[in-house]
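Counting starts at 1 for both ligands and their atoms, in listed order.
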Amino acid sequence: MSVDIDAPPPPPNRLPRHVAIVMDGNGRWAQQRSLPRTAGHREGAKAARRIVQSCDERGIEVLTLFAFSSENWHRPRPEVDILMNLFLTTLRSEIRRLDKTNVRLRFIGDPGAFSDTLRKYMIEAERRTVANDGLTLVIAANYGGRWDIAQAARRVSEAVLAGHLQPGDITVDRLHHYMCLADLPMPDLFIRTGGEQRISNFLLWQMAYTEFYFTDRLWPDYDADDLELACAAFASRQRRFGLTGEQVALSAHA
Ligand code: IPE
Ligand code: IPE
Ligand code: MG
């Protein structure tokens with residue numbers, strides 16, 4: 001699938017093709033119950049499973065989940081270790097079901113800092129599901145939006161040095177092809193749970209025209225009804241992409 005980044009806006013009132021979620025609030029969910037933060041992460045993994053299934057049932061094409069940011073390494077070591085463990089065990093326990101339900105799994109982020117075992121499972125999970133044509137599930141792990149822009153800039157400079165490109169060829173469209181998710185539709189709907197209203201270095205480039213939706217619900221509590229609310233809010237918005245409201249209304253009726 002190749003994507004024109006200046007593609008005209010999709011018609012109003014449609015389902016988002018691509019939903020991107022910052023799954024936030026695991027720690028507070030656990031703290032409210034006097035449990036260790038890690039209990040919140042375990043419940044969060046269950047919520048992720050629910051939402052993957054709900055997106056699949058709704059016919060959403062791509063779901064991108066922010067699982068671990070490049071800044072999350074700075075958390076206390078025991079929490080990082082438990083998150084890495086949970087990542088590996090969830091991958092091992094879920095891959096068969098994901099494959100059976102025709103989900104294509106992909107990872108974005110810098111895999112360099114992960115253990116060899118985890119990296120091996122990530123590669124194997126992508127390989128096993130590569131031909132599936134149901135929901136595309138993208139897991140952002142050791143991902144940062146600034147890292148993504150830097151890796152694209154590095155690769156485009158390599159192409160220039162190799163003589164494949166001239167500096168003058170570096171347009172928005174060209175650079176886009178070096179960014180993560182370049183072959184997928186841009187995120188239509190961004191959801192952040194946990195009450196914070198910030199992007200936290202998620203898909204900085206890709207979310208230039210994404211609709212933002214924030215909810216106080218903590219991620220471990222997030223369910224299909226919450227997703228329904230977010231999709232309804234999305235459907236009620238007019239996306240203008242720089243045009244006037246009248247232009248958009250006219251093109252929708254053309
Ligand atoms: C999100 O929940 C999970 C990760 C960042 C890995 P948090 O752990 O950030 O939960 P809060 O924000 O502390 O409640
Ligand atoms: C963003 O949540 C990263 C993930 C959900 C993986 P954080 O909890 O790390 O974000 P901040 O620190 O509140 O901005
Ligand atoms: Mg948080």
Could you please tell me which protein N, O or S atoms lie under 2.8 Å from the Mg ion (ligand 3)? Asp24 OD1
With a cut-off of under 6.0 Å to the ring centre and 45° to the axis, is Arg217 in cation-pi contact with Trp219? no
Tell me the contacting part of Arg192 for ligand 2: side chain, backbone, both, or neither, using a 4.0 Å heavy-atom threshold, strictly below. side chain
Are a donor atom and an acceptor atom from the side chains of Trp29 and Asp221 found within less than 3.5 Å of each other? yes
Numbered atoms and elements of ligand 2 in range of Arg198, under 4.0 angstrom, heavy atoms: 11 (P), 13 (O), 14 (O)
Distance filter under 4.0 Å, heavy atoms only, around ligand 1 gives Met23, Asp24, Gly25, Asn26, Gly27, Arg28, Arg37, His41, Ala67, Asn72, Arg75, Leu83
Going by heavy atoms in the side chains, are Pro187 and Val19 under 4.5 Å from each other? no
Quick one: do the His18 and Asp188 side chains pair a donor with an acceptor below 3.5 Å? no
Would you call Glu126 and Arg106 a salt bridge, taking side-chain N to carboxylate O under 4.0 Å as the test? no
With under 30° as parallel and over 60° as perpendicular, where do the rings of Tyr143 and Phe202 fit, or are they tilted in between? perpendicular
Electrostatic pair Arg50:Asp223 at N-O distance under 4.0 angstrom: no
For residues Thr193 and Leu218, determine if any side-chain heavy atom of one lies less than 4.5 Å from a side-chain heavy atom of the other. no
Might you work through the salt bridge (charged side-chain N to carboxylate O under 4.0 Å, His left out) test for Glu43 and Lys46, ending with a clear yes or no? CA-CA 5 Å; Glu43 278 309 301; Lys46 292 186 197 160; 2.9 Å; yes
State which residue, out of Trp73, Phe107, Phe87, fulfils the ring pair (Phe, Tyr, Trp, His ring centres under 6.0 Å) condition with Phe68. Trp73
